[in-house]
Structure formats: structure tokens, C-alpha cells
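This one's a predicted model, so the numbers in the text were calculated from it and none came from an experiment. Chain letters run A, B, ... following the sequence lines, proteins first, then strands; residues in each count from 1.
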There are 2 protein chains.
Amino acid sequence: MSGKRQDARVRYTKMVVKQSLLELLRTKPVAKITVTEICEAAGINRATFYSHYADPSDLLQSIEDELVEGITVRAQPALSGGGTDMRATLRGIVGYIRANADTFRVLLSDTGDASFQSQVVSVMERRYLDFWQAFRPEDAEGAAYIYTFIALGSVGVIRRWLDEGMLRSDAEIAELIFRLSAAGLAGLGT
Amino acid sequence: MSGKRQDARVRYTKMVVKQSLLELLRTKPVAKITVTEICEAAGINRATFYSHYADPSDLLQSIEDELVEGITVRAQPALSGGGTDMRATLRGIVGYIRANADTFRVLLSDTGDASFQSQVVSVMERRYLDFWQAFRPEDAEGAAYIYTFIALGSVGVIRRWLDEGMLRSDAEIAELIFRLSAAGLAGLGT
DNA sequence: TCCGATAATCAACGCAGTGTTGACTTATTT
DNA sequence: AAATAAGTCAACACTGCGTTGATTATCGGA
């Protein structure tokens, strides 16, 4: 997409630095993680860190951006292989989260980042809106609240699923989220 | 509850320091707020800060604890004046959040604290569980997921309500949350 | 395969914020 | 008015910051 591929050294540095931060995030919030700490864990020089990122939050942001992008792509109905099939889209998203489970678990946890969760919710919200509006064209009272409700609720289900060690299959979780969301929407008209 | 009342000076210090932090939190995340900054804004000596709190996160934690306590109390059905009336309980909670709207808005925002949201969700979750289990004694498949779904969804509704400037009345929002939650639960059996 | 370009390393820098101390001043309680 | 507790102030060593310039290692293309 953007010109040539990055230098192998750069790729390595970014990778090792990201992994080190994620490792540290398991033990404490980003507020208490220092650049020095990250560099020691990564085995790189501090100056190298600064040539790529401004501070630990900036690094965290770049990790988050990748994951949000991954979800966004899979939230596009056309690309998820299911056309307008919401279940298929959800399975795609759940599968992607499983593939990056360790990272998602940390970032969505208590010591994680509120803004990351917020970004994920936004993507879900938009997708739900696109999908369900086809079925209920006329906007009921307080419709926007419902999409927020089910989007955040869905993320909650995913969080719990991750915390429990992903005992259930992707399909099961996708189906559960689908049913709960559909029910929430149905409840509006009541 | 715990012995005598605190010295007036202590009460003032804690108050002004909390307000200063909340003010700063409007502009940046807690990760980038320094003790020095807080003290300048509060007009107190740095040594005074350290005699009460360990660091900015510790101070933030104490603010959060108060609010979580406030919600917990109102989530007790017996105390919310409505017996087992879930609507009344929700109205009580929503009213409390409105009374502390500025603070809740900041803490539940993107730049807020993931652990605070998490604590609030926990309280709601437990309350929903107590209430609804009376109506559906036999636990359906994946019941725990539903409570997480509706608890987080409820917090999402509150977040949106705060962001929109609380245009709707407490009763309206409480009713909306009640309806969405009930619907989510009903959807499980389907 | 060699060469120019790009990255990473290292040591050093002044600077800002930390957390603690002890001597002091000021406010509160009884 | 005296005793107690809290806040102020200046100073301290220390840690981490962010940047610099010189040096070494690695990469990718001609």
C-alpha cells in the first residue's frame, strides 16, 4: 500500500518492543510503565525506541490501531464472505479475536485501555446499525441507545469469553451475541 | 462510621486535590498527569499530597471508590425504596449518576479508566442477577453471559446519555435500560 | 560483491518530576 | 491558652526523560 516494505531491522524492533509492552501490561497499567523498562525487556537501546515512538502510550496506540483495523475489515459484510449475513460476520470477528486472544484479553481487561474498548465498540455499533436498519427501516424512539447497548453488551460477552479461556467455540459465541442483540432490538418496540 | 470526623484542613485538602485531578483528567489521561501539576492546580504543597496519597492513580482510585460505593448502596433493593422493584432501583442509580454527572462523564469516557467502568459493571451485574433469578429460577444455558451483556449494555446507555448532556429524564433512561435488559433476558430462551 | 544508505548502539547531557526529610508555621480541638 | 495535628518550605539524592553526535552494524540494490 505505502511504498516499499520496511527494513528488516525496523520490523524486528517494532515487533519486540510491542511484545515487551504487552508483557508488561499484564503486570501493571500503562500509566506506570516506563520507556526504560520497555527497552530493557526488549533488549534495545532507549534512543531506538524514541526514533519510532513518542512514549509508551504512543506505542500502545499503534498496537491498538492494528487490532481495530483487523476488526473493521472483518466487520465489512462484503469481505466477511457472508454478504449480509450477520452471523457470518460475527463468526469472522470472533475468530479474529481468538487468533489474537492474548492481546485482546490484556487490552480489554481492567488494567487495559478504555479508549481501545471504545474503538472496538464503535466498529460494532456501526455494523449493527447497517445490518439491522435494513430490517427496521423506520427509526423507533431512542434507536441510537439500542445500538450502543448491544455493541457494548457484545464486547462484554467477548471479554467474559476471553477471561474464561475461550471454552466455547467461535460459532457458539457468535450465535449467542447474535441472539442477545436481536432480542435487545426486538425489545424496543414492546 | 469510623471514629471521629476528619480535620477540616484534611477535608479541604482532599477535596481540592480531587477536583484538581478531575479537572486535569478532562485534558489528558491519568498516565500523563504529574503530582506537581495537581499540586499547582490545587494550590497545595507537594509534601501534603504525599501525606494523603501515593500517586495520581492512588488519588483517582479513591475518587472511584466513593462513586462505586454510591452506586452499590443504591443497588441494594431494600434501600432504594422500591423493595424488589427493579425500575425504582434503576431510577435511584440513574439519579445518583446525574447528581455526579461531571465526574462520571470523565471517568467513563475514552480517556477515563477501564477499571472504574469494570467496577460499575460488576455492581450492576450482581444486581441484575439477584433480581432476575427470582423470575427465572432455572438457569438457562450461558446465563452468566447474559448478565454481563446487559450490565455492560446498561453502562453503555448511561455513557451515551451523559455524552448527550442528559437530555432525557432519569425515569426515561431507567425505563429504557429496564426494557432493553428484560428483552435481552427474554431472548435467551428463544 | 561491494557500496551507499539506513538503523541501531553507546555515552553523555541538562532537565523535570519523584519521594522523603526536618525544621517551621499555622490551624483546630478541648 | 496549651497540646495536637496539618500544612509549608527548602533541600536532598535519585530515577527516568528526551535529545545529541559519533560510531558500528546491517540492509538492499547496482
Hey, does the side chain of [X] reach the backbone of [Y] with a donor-acceptor pair shorter than 3.5 angstrom?
{"X": "Thr13(A)", "Y": "Arg9(A)", "result": "yes"}
{"X": "Asp55(A)", "Y": "Asp58(A)", "result": "yes"}
{"X": "Trp161(B)", "Y": "Ile173(B)", "result": "no"}
{"X": "Thr48(B)", "Y": "Ile44(B)", "result": "no"}

**Asked** So does Arg46(A) reach the base of dG16(D) with its side chain, donor to acceptor, closer than 3.5 Å?
**Response**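 There is none.
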Rounded to whole Å, please give me the gap between [atom1] in [X] and [atom2] in [N].
{"X": "Glu37(A)", "N": "dG16(D)", "atom1": "CD", "atom2": "P", "answer": "8 Å"}
{"X": "Asp55(A)", "N": "dG18(D)", "atom1": "CG", "atom2": "P", "answer": "7 Å"}
{"X": "Asn45(B)", "N": "dT20(C)", "atom1": "CG", "atom2": "C1'", "answer": "12 Å"}
{"X": "Tyr12(B)", "N": "dA27(C)", "atom1": "OH", "atom2": "P", "answer": "13 Å"}
{"X": "Phe49(B)", "N": "dT20(C)", "atom1": "CZ", "atom2": "C1'", "answer": "15 Å"}
{"X": "Tyr53(B)", "N": "dG19(C)", "atom1": "OH", "atom2": "P", "answer": "16 Å"}
{"X": "Lys32(B)", "N": "dG16(D)", "atom1": "NZ", "atom2": "C1'", "answer": "15 Å"}
{"X": "Glu40(B)", "N": "dT8(D)", "atom1": "CD", "atom2": "C1'", "answer": "15 Å"}

**Prompt:** Does Thr34(A) put a side-chain nitrogen or oxygen below 4.0 Å from OP1 or OP2 of dT15(D)?
**Reply:**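 The answer is no; no side-chain N or O of Thr34(A) sits under 4.0 Å from OP1 or OP2.
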**Asked** Think His52(A) has a side-chain N or O under 4.0 angstrom from the OP1 or OP2 of dA8(C)?
**Response**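 True: His52(A) side-chain N/O within range (under 4.0 Å) of dA8(C) OP1/OP2.
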**Request:** Check whether Tyr50(B) and Val10(B) end up in the same hydrophobic cluster, where Ile, Leu, Val, Met, Phe, Trp and Tyr are linked by side-chain heavy atoms less than 4.5 Å apart.
**Result:**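 Different clusters.
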**Message:** Taking the axis from the first five pairs and the axis from the last five, what angle separates them in the helix from dT1(C)-dA30(D) to dA23(C)-dT8(D), rounded to 10 degrees?
**Reply:**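 Inter-axis angle at the ends, rounded: 20°.
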Using a cut-off of under 3.5 Å, enumerate the N/O to N/O pairs linking the protein to nucleotides 25-27 of chain D.
| unit_1 | atom_1 | unit_2 | atom_2 | d |
| --- | --- | --- | --- | --- |
| dT26(D) | O2 | Arg9(A) | NH1 | 3.0 |

**Prompt:** Is the shortest distance from a Lys or Arg side-chain nitrogen in Glu37(B) or Lys32(B) to a carboxylate oxygen in the other one below 4.0 Å?
**Reply:**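 Salt bridge flag = no for Lys32(B) with Glu37(B).
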**Prompt:** Between Glu66(A) and Lys18(A), does at least one N-O distance fall below 4.0 Å, as a salt bridge requires?
**Reply:**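 The answer is yes: the pair qualifies as a salt bridge.
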Between [options], which nucleotide has the shortest distance from any of its atoms to the side chain of [X]?
{"X": "Tyr50(A)", "options": "dC10(C), dC17(D), dA8(C)", "result": "dC17(D)"}
{"X": "Thr48(B)", "options": "dT18(C), dT9(C), dT8(D)", "result": "dT8(D)"}
{"X": "Ala47(A)", "options": "dA8(C), dG17(C), dT20(D)", "result": "dT20(D)"}

**Message:** As a quick check of understanding, evaluate side-chain contact (heavy atoms from CB on, under 4.5 Å) for Ile158(A) and Tyr145(B), giving each step before the final call.
**Reply:** CA-CA 9 Å; Ile158(A) 285 166; Tyr145(B) 280 97; over 6 Å; no
**Message:** Return the CD to OG distance between Glu175(A) and Ser169(A), rounded to the nearest 0.5 Å.
**Reply:**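 With rounding to 0.5 Å, CD (Glu175(A)) is 10.0 Å from OG (Ser169(A)).
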**Request:** Would you mind telling me which residue lines up with the more 5' stretch of DNA chain C, Thr36(B) or Ile44(A), judged by nearest nucleotide?
**Result:**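 Nearest-nucleotide comparison on DNA chain C picks Ile44(A).
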**Message:** Is it the case that the side chains of Thr89(A) and Arg74(A) hold a donor-acceptor pair, with the cut-off being a distance below 3.5 Å and no angle test?
**Reply:**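 The criterion, which ignores hydrogens and geometry beyond distance, is not satisfied for Thr89(A) and Arg74(A).
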**Message:** I want to confirm an ordering. Mapping Ala54(A) and Lys14(B) to their closest nucleotides on DNA chain D, which one lands closer to the 5' end?
**Reply:**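 Its nearest nucleotide lies further toward 5', so the answer is Lys14(B).
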